[in-house]
Protein chains: 2
Amino acid sequence: MRQQKRATIVDVGRSAGVSTKTVSRVFNGEPHVSDSIRQRVRAAAEALNYHPNVMARALVQRRSNLIGLVYENPSSSYVTELQMGVLHRLRGERYRLVVIPIESVAEHAGEVVALLRSAGLDGVVLAPPASDDARILNDLASAGIRCARIAPTRLLDAAPGATVDDVVAAREIAAYLIDLGHRDIAIIKGDPTHASAEARLLGYSQAFHAAGLALRLDRIEPGLFTRDSGYEAAMRLLARPDRPTAILAQNDEMAVGALIAARECGLGVPHDLSIVGFDDSDVARIAWPAITTVRQPVFDMAVAAADMVVAQLEGGLAETLRAHDHALVVRGSAAAPSA
Amino acid sequence: MRQQKRATIVDVGRSAGVSTKTVSRVFNGEPHVSDSIRQRVRAAAEALNYHPNVMARALVQRRSNLIGLVYENPSSSYVTELQMGVLHRLRGERYRLVVIPIESVAEHAGEVVALLRSAGLDGVVLAPPASDDARILNDLASAGIRCARIAPTRLLDAAPGATVDDVVAAREIAAYLIDLGHRDIAIIKGDPTHASAEARLLGYSQAFHAAGLALRLDRIEPGLFTRDSGYEAAMRLLARPDRPTAILAQNDEMAVGALIAARECGLGVPHDLSIVGFDDSDVARIAWPAITTVRQPVFDMAVAAADMVVAQLEGGLAETLRAHDHALVVRGSAAAPSA
DNA sequence: CATCCCTATGACAACGTTGACAATGCGAGC
DNA sequence: GCTCGCATTGTCAACGTTGTCATAGGGATG
């Protein structure tokens, strides 16, 4: 049973004895169609197994009903949660979600919007670091593609977004470690192309200064927000003769990496080494010990961002920023230093 | 700088002094265009900031270049890995991935293809349990949407897919527990609407019988392949006076749930209770103790399935099944029973 | 009873591209 | 020099919808 030449609106019209326009009206739930005709059209459509052609509709209406999610590091649970948030908002709506992974936003910023254009998207949700890329925001505007951003830190007036205060959150979790009694705290930094890496570092340093501690550059190890990079960075830190008593990882994935590294070095967490993360992503709960972290409401931010895109597409609503709260989540991966 | 009336192919043609057809040829890399004209057209397009209209193209060519991924349980790392596999295969190609989460395939099978139609997809990758749904396969064929299936177990001739031998894999991991010395083994079953739940159960029972053990129905707890359902099921099992010495969870998510339940019951894993999973998903590595499981090459299967969809779309290639190997992955969550 | 307005319906062009086919021009073979 | 073939370019319709505007009829209004 190979499909035979999909029926068109013309066929339905002919079969029901009405004009194509009337069929169109029926299928779009428009008023000004008598019930009898409405029924007749539906019956004819059913009989012919008619289904509207989305592309033709998209062409004439100039909207594809496709919304994109642009992100960089596909394996992270951060992105998974973002996606779930966007899908949650889009559920039941006519919009579909297209996922657009970009290998390196920093390197390919110029090509990103061309890619989105070639997908015919109506709007996009930009995850970091694309959410902070001036080039992308600019191209998007001139391409007429609506957007909303996740955790933007710069150009806050350029486009709407769901924000979170990285600096304060980072300050709080660093203060938590200091309050526990830690004085020698190392930092595993995130991908430097993400603005939040700097913001979180700033928060840490504020907490350090408030406690009269110095921010030692030799205690900062670079990472990329990936589990592997966290593992590597922790290995470098723990191999030193004067290893720190605690590690501030700039996200949970890297904290998990550090956890694995500690395990391999024979260090008990939190007894021999405290580790804290950032984000409160899924992995923080699964890991053992479960990771003490700062909750970023990623899911909610994604819902909000998707909502902003939809709002622009439907009503052309005013563009705004929506602030989201963080919260310290104390679990088992940090304790007072043993020595 | 609001965008001004996107330039069309007609504008470019006029500006370059050639016909629209020639412009079309240039943008599609077709032969039979002289270099001088090719250059002239490109320059004109550049000057006008022309970008082809994907929807018009899609309409006339009858292909949207959209491929869908249909799945049910969005939070699972299984789906995340599937998605990464599909994206990996599609990278650099002209196809885009649209994610189609379905709340309950069993309940909404009739509406699924309508949803796919309304997204204008050219093809889809079906994850379980959609991959085993006769209604969906049938509707898909009559809608002319190509598909490939992940881990199909029924109607193997109906459509191509990437298969894995659930029965044998399940038999192997059950045999592993038995070899360790376990005699009282409980089972946490997966979502009964997924055919693999039955297949894995069959594999377990084969191993039991080979060892002269009975498959006790009162040792089988229902689950849904989700972490929470695994937690609940394990709680029920561990609350009993005669708790088992080992648990066979039908996937890793549920094994993680069981792990958390054991922890809350004050049971050490693997000392007091052995737990094994299925899939070798991401969480199995992160959990502590890391979960002993059977590796299903989910990523590779997704790559293969995506490949099959693309192949059908490009060449109309012959439809086949591709078998993928499993492998026992021994980690720390199972050991010989202590008593 | 004439007028007006509103509902129900249809005719036709437009959306921006590509496919089928025609036309042109130029060099080669005879 | 004439014909043939091929490379190059163009013309026009088609893809399947929806938007705009026109038209016919049927009360309500005066």
Side-chain angles (χ1 to χ4, degrees), chain A residues 3-42 44-45 48-66 94 117-122 143-144, chain B residues 3-42 44-45 48-66 94 117-122 143-144:
Chain A
Q3 77 283 358
Q4 66 284 47
K5 262 186 130 112
R6 289 181 58 153
T8 75
I9 208 173
V10 182
D11 303 320
V12 177
R14 185 164 29 226
S15 159
V18 298
S19 75
T20 62
K21 180 66 211 190
T22 300
V23 179
S24 167
R25 274 191 268 257
V26 170
F27 272 87
N28 290 289
E30 288 175 27
H32 305 311
V33 180
S34 69
D35 285 345
S36 67
I37 287 208
R38 210 176 276 274
Q39 262 185 300
R40 199 138 50 93
V41 168
R42 288 207 189 286
L48 293 171
N49 189 30
Y50 166 76
H51 293 268
N53 180 316
V54 248
M55 297 163 212
R57 218 202 298 248
L59 173 61
V60 66
Q61 296 189 149
R62 289 200 187 74
R63 44 184 12 251
S64 61
N65 292 325
L66 295 177
R94 63 162 175 275
R117 272 193 143 115
S118 78
L121 303 180
D122 287 345
Chain B
Q3 77 281 359
Q4 66 284 48
K5 260 186 142 89
R6 288 181 58 155
T8 75
I9 208 172
V10 181
D11 302 321
V12 177
R14 187 166 28 228
S15 159
V18 298
S19 76
T20 62
K21 180 66 214 193
T22 301
V23 179
S24 167
R25 275 192 267 259
V26 171
F27 273 86
N28 289 290
E30 288 176 28
H32 306 312
V33 180
S34 70
D35 285 345
S36 68
I37 287 208
R38 212 176 274 274
Q39 263 185 300
R40 199 140 47 95
V41 168
R42 288 208 187 287
L48 293 171
N49 189 32
Y50 166 76
H51 294 267
N53 180 316
V54 248
M55 298 165 216
R57 219 203 294 250
L59 173 61
V60 67
Q61 296 190 147
R62 289 197 185 74
R63 46 183 11 250
S64 61
N65 292 325
L66 295 177
R94 64 163 175 276
R117 271 194 144 114
S118 78
L121 304 181
D122 287 343

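The structure displayed is predicted, hence computed values, not measured ones.
In this model, no donor atom of one side chain and acceptor atom of the other lie less than 3.5 Å apart for A:N65 and A:R57.
Comparing the axis of the opening five pairs of the helix from C:dC1-D:dG30 to C:dC30-D:dG1 with that of the closing five pairs yields an angle of 40°, rounded to 10°.
Here A:A58 pairs with B:M55 under the side chain to side chain contact (heavy atoms under 4.5 Å, CB included) rule; sequence neighbours left out. Judged as a side chain to side chain contact (heavy atoms under 4.5 Å, CB included), and not counting sequence neighbours, the contacts of A:R38 are A:V26, A:V33, A:D35. With sequence neighbours left out, the side chain to side chain contact (heavy atoms under 4.5 Å, CB included) criterion links A:R40 to A:A16, A:V18, A:I37.
B:L48 has its CG atom 14 Å from the P atom of C:dG16, to the nearest Å. At whole-Å resolution of the value, CD1 in B:I37 and P in D:dA7 are 16 Å apart. Atoms CZ (A:R57) and P (C:dG16) sit 18 Å apart, rounded to a whole Å. Rounded to an integer number of Å, the gap from A:Q61 CD to D:dG19 C1' is 10 Å. In this entry the distance linking CE of B:M55 with C1' of C:dA14 reads 16 Å, nearest Å. Atom pair B:I9:CD1 and D:dC12:C1' shows a separation of 15 Å (rounding to whole Å applied). In this entry the distance linking NE2 of A:H32 with P of D:dG26 reads 18 Å, nearest Å.
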Find every protein N or O atom lying less than 3.5 Å from an N or O atom of nucleotides 13-15 of chain D, and list the pairs.
{"residue": "D:dC15", "atom": "O3'", "partner": "B:R62", "partner atom": "NH2", "Å": "3.4"}

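Put simply, CG on B:L121 and CZ on B:R63 are 13.0 Å apart, with the number rounded to the nearest 0.5 Å. A:R94 contributes atom CZ, which lies 11.5 Å from atom CG of A:L66 (distance to the nearest 0.5 angstrom).
Among all heavy-atom pairs drawn from B:V10 and B:T20, the shortest one is CA-CG2, 3.8 Å. A pairwise comparison of heavy atoms in B:Y50 and B:A7 identifies CD1-O, 3.2 Å as the closest pair.
The environment of B:Q39 atom CD is sparse: at most 12 non-hydrogen atoms of other residues, nucleotides or ligands sit within 6.0 angstrom.
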*Evaluate side chain to side chain contact (heavy atoms under 4.5 Å, CB included) for A:S24 paired with A:N28, printing each intermediate quantity in order.*
CA-CA 6 Å; A:S24 167; A:N28 290 289; 3.4 Å; yes
*Any chance you could lay out the side chain to side chain contact (heavy atoms under 4.5 Å, CB included) test for A:N53 and A:T8, step after step, and finish with the verdict?*
CA-CA 8 Å; A:N53 180 316; A:T8 75; over 6 Å; no
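The stretch residues 16-31 of chain A comes close to DNA chain D through A:K21, A:S24, A:N28, each having a heavy atom under 4.0 Å from the strand.
Set against D:dT17, C:dT17, D:dG19, the side chain of A:V10 has D:dT17 as its closest nucleotide.
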